[in-house]
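What follows is a short report on a single structure.
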Amino acid sequence: MSRKPLVAMLVLILMAPVITYGADLLLADWESGLDGWIPNNWDKPQTYLFSYWKGVTSGKRALMLIVPRPGWTIAALVKFQDVYKNDPAALADLTAKWMAAKTLEVDITIDPGNWLARPGTDAWVNVSLVFNTQNGGWVSLPVISDSVNPGSPGGWDPVNFPKLQTRHIVYDLREINKTLKAAGGPGWWFEIFAIVNSGPAYEKGGAFYMDNLKLSGIPTITWVSFHGADDAPSAGAAGAGFTTAPDKPYTDLLKAQGYFVNRYVTTGNPNLDVLNASDLVIISRSVSSSHYQNVSADTWNSVTAPMIICGGYVLRKNRMGYVTGNDIPDTTGDITLTVTDPTHPIFKGIKLTDSTMVNPYAGIVTYPTDGVTLARGISVNTNPPDDEGLVLATVSAAGNGPVGSMIIGEWLAGSTLVHDGGAGTNVLGGHRLVLLTGSREAQGISAETAGMYDLYEDGAKIFLNAVEYMLNSKTTAIELVNPSFELPGLGKIKGWNGEGIGGTPAEDIPGWATDGTPVDSGVETGWGATDGEYTAFLKAKDPMVYQLTDYVAKEGDVFMLKVDAKNNWQATKFAMIIYYDEMGIPIPVATKTVTLTDAMQTFTLVFRANDFPECIGKQIGVQFANSSPVADSWVGFDNVRLSVTAVAQ
């Protein structure tokens, strides 16, 4: 492979401050030659390779491979370690991007005119790619799809495909890369082989064409910062002596993992199209918190892409509202973290004793401009997090910071934040993770020097684990039957199981049930429905109403239950419950009792499966009860939503 396609792509993707979003890396297009591909020299006769006009799907040329015999043949290969033997940095970057990619894609063209068959014998051809590495050995790449022949990927025969045809083949790298990652990477060499196998009818072999070979599914991360490029510090940072962005070590760390990283200059009026096109947005500590307040907070909270937030100042109640106040002291030395869930993927590979890190997370850094000036530490919010957040790690009892205050926390898509100014209340458009890192600027030096890298080795591992977790976590709705009580739509009904209490229709309420006979609970209209016309009502002392879903809990799942509820008559308390089914018996795993008003409000209950591991592998359900002390009281509720945030399997 010539260096031109890859190097040109890397310059475009890694150095330009603004690029067109895309997660592909071109490996070969054969426009100007063979791009490092060579015939197999272990076998005779050899394949012949040409940059050719036929089979072109990108540009003006493709690779033509002439195979002069039937049977199984290594048609051609590329040895990346040879292509980049004089450029180890480019090889390291390519290796990292291979490990970050999800798929390898190529266009294969076969022209029947190139395959002259002897009559009466098997006439078929199959083309495939094989991967070979120092640490992983030979691996036949598994196919996700073949755009022309999905039943037999890479397969061709003259009967079913009598005309020239190009197919786009997608190979799955995920499990292979997972294995290689556990082995420490592919090693110092790795290769791709193009294999062709053909039936005995083709005594003289034939030819096929390859084009547009690329890695795909490489995550794109938008890094929000004062600084428009790694080598272009902001005016304030340059004035303080910086020649590169003060937070550059973070983007270097991300690029070393193979991610495409695009810097985006912090602003109070962000372009949502740009941010939402990212696989992950990371807000650096090196930003102005004023860009995240009032109406700007509304905008940033609406971003649908997953997001990691590294700075505490933007979390305050007078900014985006992740915490309930504005107090924010700095750490004063090395800190370790105490974690709430050691099984969380963020803490994989971190040595803990009694749930506390053995090794330090972060410390105090020295300004690289003079090697003497000390930055201040991590700015840590000491007010409680918003009640829908999950605290994952806090400053440990070892101190050097506000003990027990959040360093890492998680908010699911759909969580509600309350902040000063702007709309005041926002529903988060995407998954959020708070991970505080990046030193505060020294007293008297520009705030644009904030965000210098302060992580120790284990802190860096947590940071990269967090990035991987956020890239691979997805939030999906769990299907509920009749979640807004619109069925059966026959007016007021008392009873859930077709009891027909008080002369109301003896109709079952689809999806919902109780384990006893209620006195005065069911569905009705005219009581402030938030989705449709109907609401449910529950009398105090009546049995709970519940629904068991088909969803089976998995390790690492995080559930969010939302419901709109109000006081219909003298009701003050309403209980929300998530449970799992144990052979027909509901076992509660999370309960929240909320205080009602006369207006419909949305209430939220969040539950982590790892906090109650007995639920893993069991069906999940939801329950509701009127827990008011007054017997003759009624709760009205509507629009039940249940979602799960899970790491992709």
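All residue numbers in this chain count up from 1 along the given sequence.
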task: Just do the side-chain hydrogen bond (donor to acceptor under 3.5 Å, both in side chains) check on Asp247 and Ser225 with the steps written out, would you?
output: CA-CA 8 Å; Asp247 55 4; Ser225 170; 2.8 Å; yes
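- Minimum interatomic distance between Leu213 and Ile192 (heavy atoms only, all atoms of both residues): CD2-CD1, 4.4 Å.
- The nearest pair of heavy atoms linking Ala194 to Met210 is CB-SD, 4.0 Å.
- Here the shortest heavy-atom pairing between Val281 and Ala305 reads CG2-CB, 4.1 Å.
- Not counting sequence neighbours, the partners of Pro613 by the side-chain contact (heavy atoms from CB on, under 4.5 Å) test are Ile616.
- A distance of 4.0 Å separates CZ in Phe190 from CG in Leu94, rounded to the nearest 0.5 Å.
- Within the 4.5 Å cutoff, the side chain of His168 has no heavy atoms near those of the Thr166 side chain.
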Residues 456-464, side-chain donor-acceptor partners within the protein, below 3.5 Å, at least two apart:
residue : atom : partner : partner atom : Å
Tyr456  : OH   : Asp334  : OD1          : 2.8
Tyr456  : OH   : Asp334  : OD2          : 3.0
Asp458  : OD2  : Asn359  : ND2          : 3.3

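- One distance of note links CD1 of Ile309 with CG of Leu315; it measures 5.5 Å at 0.5 Å rounding.
- Counting heavy atoms from C-beta on, the side chains of Trp156 and Gln165 never come closer than 4.5 Å.
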field: Asp211 vs Asp29, side chain to side chain contact (heavy atoms under 4.5 Å, CB included): CA-CA, chis, key distance, verdict
entry: CA-CA 6 Å; Asp211 200 9; Asp29 61 5; 4.2 Å; yes
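- At least one donor-acceptor pair closer than 3.5 Å links the side chain of Asp557 to the backbone N or O of Lys554.
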task: Check the pair Thr645, Ser473 against side-chain hydrogen bond (donor to acceptor under 3.5 Å, both in side chains), reporting the backbone distance first and the verdict last.
output: CA-CA 6 Å; Thr645 299; Ser473 297; over 6 Å; no
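- Using bins of under 30°, 30° to 60° and over 60° for the plane-to-plane angle, the ring pair Trp411/Tyr322 lands in the perpendicular bin.
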- prompt: Ser415 and Met560: side chain to side chain contact (heavy atoms under 4.5 Å, CB included), yes or no, with the steps?
  reply: CA-CA 8 Å; Ser415 297; Met560 175 182 284; 3.0 Å; yes
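- We find the CG-CE distance between Leu435 and Met406 to be 10.0 Å, quoted to the nearest 0.5 Å.
- The side-chain heavy atoms of Pro368 and Met452, taken from C-beta on, include a pair separated by under 4.5 Å.
- The minimum heavy-atom distance linking Ser152 with Asn126 is given by the pair OG-ND2, 4.4 Å.
- Here the side chain of Ser286 pairs no donor or acceptor atom with the backbone of Gly451 at under 3.5 angstrom.
- Between Tyr84 and Thr95, every side-chain heavy-atom pair lies at or beyond the 4.5 Å cut-off.
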message: Set out, in order, the CA-CA distance, both residues' side-chain angles and the distance that settles side-chain hydrogen bond (donor to acceptor under 3.5 Å, both in side chains) for Asn276 and Thr304, then state yes or no.
response: CA-CA 6 Å; Asn276 292 335; Thr304 57; 3.0 Å; yes
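- Under the 3.5 Å distance criterion, the side-chain polar atoms of Tyr250 are matched with a main-chain donor or acceptor of Gly438.
- Looking only at distances, a side-chain donor or acceptor of Arg432 sits under 3.5 Å from a matching main-chain atom of Asn301.
- Nearest heavy atoms, Arg263 versus Thr251: NH2-OG1, 3.4 Å.
- Contacts classified as side-chain hydrogen bond (donor to acceptor under 3.5 Å, both in side chains) and involving residues 132-146 (residues at least two apart or in different chains) are given here: Asn132-Glu191, Asp146-Arg167.
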Tyr453/Val365 under side chain to side chain contact (heavy atoms under 4.5 Å, CB included): CA gap, chis, key distance, verdict: CA-CA 8 Å; Tyr453 187 85; Val365 300; over 6 Å; no
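- A 4.5 Å side-chain heavy-atom check between Glu555 and Asn610 finds at least one atom pair inside the cut-off.
- Atom CD1 of Ile74 sits about 5.5 Å away from atom CZ of Phe193, to the nearest 0.5 Å.
- Taking Val552 as the reference, Gln619 meet the side-chain contact (heavy atoms from CB on, under 4.5 Å) condition, with sequence neighbours excluded.
- Remark: the backbone N or O of Pro360 is not paired with any side-chain donor or acceptor of Thr336 at under 3.5 angstrom.
- Pairs of residues two or more places apart, or lying in two chains, never qualify as salt bridge (charged side-chain N to carboxylate O under 4.0 Å, His left out) while including a residue from residues 346-356.
- Within the 4.5 Å cutoff, the side chain of Pro345 has heavy atoms near those of the Val647 side chain.
- Rounding to the nearest 0.5 Å places CG of Asp454 at 8.0 Å from CD1 of Ile335.
- Checked against Phe347 for a side-chain contact (heavy atoms from CB on, under 4.5 Å), the options Ile408, Asn465, Asp341 give a single hit: Ile408.
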task: I would like to know whether Asp230 and Asp252 meet side chain to side chain contact (heavy atoms under 4.5 Å, CB included); could you show each step before the answer?
output: CA-CA 9 Å; Asp230 285 352; Asp252 288 344; 4.0 Å; yes
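- For Pro306 against Leu280, the heavy-atom pair with the smallest separation is O-CD1, 3.4 Å.
- Side-chain contact between Leu642 and Tyr551: absent, with no pair of heavy atoms (C-beta onward) separated by less than 4.5 Å.
- By the side-chain contact (heavy atoms from CB on, under 4.5 Å) test, Ala207 is found to be paired with Met64, Ile66, Asn114, residues two or more places apart in sequence or in another chain being considered.
- Using a 4.0 Å cut-off between charged side-chain N and carboxylate O, Arg608 and Glu410 make no salt bridge.
- Taken from CG in Leu77 to CG in Asp82, the straight-line distance is 9.0 Å, to the nearest 0.5 Å.
- Between the side chain of Glu31 and the backbone N or O of Arg61, at least one donor-acceptor pair lies under 3.5 Å.
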- request: Show the numbers, then the answer: is there a side-chain hydrogen bond (donor to acceptor under 3.5 Å, both in side chains) between Ser278 and Thr220?
  value: CA-CA 6 Å; Ser278 310; Thr220 299; over 6 Å; no
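- Ring centers of Phe131 and Trp98: under 6.0 Å apart, within the cut-off.
- Side-chain atoms of Asp24 and Ser216 form a donor-acceptor pair, as typed in the model, at a separation below 3.5 Å.
- Counting only heavy atoms from C-beta outward, the side chains of Ile110 and Phe161 never approach each other to under 4.5 Å.
- No hydrogens or angles considered: nothing links the side chains of Thr475 and Ser643 as a donor-acceptor pair under 3.5 Å.
- For Glu479, the CD atom sits in a loose shell: 12 or fewer heavy atoms of surrounding residues, nucleotides or ligands are nearer than 6.0 Å.
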